[in-house]
Number of protein chains: 2
Amino acid sequence: MNIGDVADLSGLPAKTIRYYEDIGLVEPLRSANGYRSFRQSDVHKLAFLGRARALGFTIEDCRSLLKLYADTDRASAEVKQIAEEHLDRIDRKIAELTEMRATLSHLVDACAGDHRPDCPILADLAMEEGKTRTARAAD
Amino acid sequence: MNIGDVADLSGLPAKTIRYYEDIGLVEPLRSANGYRSFRQSDVHKLAFLGRARALGFTIEDCRSLLKLYADTDRASAEVKQIAEEHLDRIDRKIAELTEMRATLSHLVDACAGDHRPDCPILADLAMEEGKTRTARAAD
DNA sequence: CATAAGGGTTCCATTCACTGGAAGGTCAAC
DNA sequence: GTTGACCTTCCAGTGAATGGAACCCTTATG
């Protein structure tokens with residue numbers, strides 16, 4: 001199969017598939033004309049990668065997961081550990097964003113958003129140390 | 001003031017401050033010895049940048065916000081629009097992460113995490129089109 | 001036979017916001 | 001005079017692609 005067909009099947013852009021070959025995640029064969037020739041197993045691997053990436057696993061996680069997938073003797077604990085670490089990363093990120101969201105949303109609510117120049121958002125960003133952050137007074 | 005002092009005061013690494021000069025966010029003076037010489041206003045600007053970045057604003061947002069801050073005639077609506085767009089980005093990101101979290105957490109829960117090779121996490125990632133995603137059966 | 005459309009190939013640059021490191025200049029203290 | 005803490009510039013790398021240029025291959029049509 002050529003790269004275009006694989007792109008359609010796996011949902012990954014051809015560019016991304018070439019990149020994945022570059023970094024050693026897949027190793028398609030080559031046809032006589034120099035075109036990449038993907039086996040069924042390559043397509044399967046790429047779909048696996050697509051799903052793992054969609055869950056936010058890093059490329060290095062994906063590399064590990066593929067290796068574990070290929071090793072039918074692996075302990076599920078190894079896989080679970082990778083997934084749990086990733087889950088923690090996600091939780092930390094969500095917490096960080098949620099905190100940003102809270103602060104920002106206070107500020108946005110406090111801002112009239114009209115033609116006048118007074119703006120609590122800028123006031124907060126420009127705030128001097130030691131002065132009250134009005135928009136956060138409720139915290 | 002030299003860069004080290006400003007780094008301490010603003011909480012930004014010296015490296016980052018140099019970078020901000022590079023991309024035109026601050027323009028410190030220079031002493032005779034070639035050292036950067038920061039005015040009070042530069043320190044203030046950098047602290048502003050630190051807070052805006054901590055709220056997740058992009059560098060380009062920061063550039064706009066600084067410009068609006070300097071313009072005492074701006075309409076607060078302009079600031080609010082930037083903040084609201086950013087709030088939307090945050091919300092979209094949180095939603096995306098929350099969805100990832102849900103799927104991943106299903107999978108992690110379903111995985112025994114022991115010495116045996118059976119692993120619902122890998123099974124899901126490797127899933128063929130058309131087969132049931134056991135770990136998502138509840139969706 | 002020419003050529004045009006629609007594949008494919010490589011290689012280089014760019015994104016975002018820094019961060020690390022090398023090689024070297026400056027300054028204050030001992 | 002030399003140590004050590006500063007400072008300087010410049011170059012490279014991060015993650016995970018993405019965009020584009022320049023060029024090759026295949027197939028269909030005039």
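Since we're looking at a predicted model, the values are computed, not measured. Every chain is numbered from 1, with letters handed out A, B, ... down the list of sequences.
- Nearer to the 5' terminus of DNA chain D, by closest-nucleotide assignment, is the contact made by Gly4(B) (compared with the other of Gly4(B) and Lys15(B)).
- Rounded to whole Å, atom C1' of dG15(D) lies 13 Å from atom CG of Asp61(A).
- Residue Phe57(A) is out of contact with every strand shown, counting any heavy-atom pair closer than 4.0 Å.
- The nearest whole Å value for the distance from the CG atom in Asn2(B) to the P atom in dT8(D) is 7 Å.
- Put simply, OH on Tyr19(B) is 18 Å from P on dG13(D), counting in whole angstrom units.
- Between Phe38(B) atom CZ and dC6(D) atom C1' the separation is 14 Å, expressed in whole Å.
- One interatomic measurement links the two molecules: CD1 of Ile17(B) to P of dC7(D), which rounds to 10 Å at whole-angstrom precision.
- A 6.0 Å sphere centred on CZ of Arg116(A) holds no more than 12 heavy atoms belonging to other residues, nucleotides or ligands.
- Other residues, nucleotides and ligands place no more than 12 heavy atoms under 6.0 Å from the CD atom of Glu27(B).
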inquiry  = Please evaluate residues Arg18(A) and Glu21(A) with respect to the criterion salt bridge (Lys or Arg N to Asp or Glu O under 4.0 Å), reporting the C-alpha separation (whole Å), side-chain torsions for both, the decisive distance (0.1 Å), and the verdict.
reply    = CA-CA 5 Å; Arg18(A) 286 193 199 99; Glu21(A) 182 188 15; over 6 Å; no

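- For the pair Met1(B) CE and dC6(D) C1', the interatomic distance rounds to 16 Å; values are reported in whole Å.
- The nearest whole Å value for the distance from the CD1 atom in Ile3(A) to the P atom in dA17(D) is 14 Å.
- For DNA chain C, the span of nucleotides reached by chain B at under 4.0 Å from its heavy atoms goes, 5' to 3', from dA17(C) to dC27(C).
- Looking at the side chain of Arg18(B), the nearest of the listed nucleotides dT26(D), dA16(D), dT9(D) is dT9(D).
- For CD of Glu99(A), the number of neighbouring non-hydrogen atoms (other residues, nucleotides, ligands) closer than 6.0 Å is 12 at most.
- Checking Thr58(B) against Tyr35(B), the closest nucleotide of DNA chain C that is more toward the 5' end is the one next to Thr58(B).
- The distance between atom CD of Glu60(A) and atom P of dA16(D), rounded to the nearest whole Å, is 8 Å.
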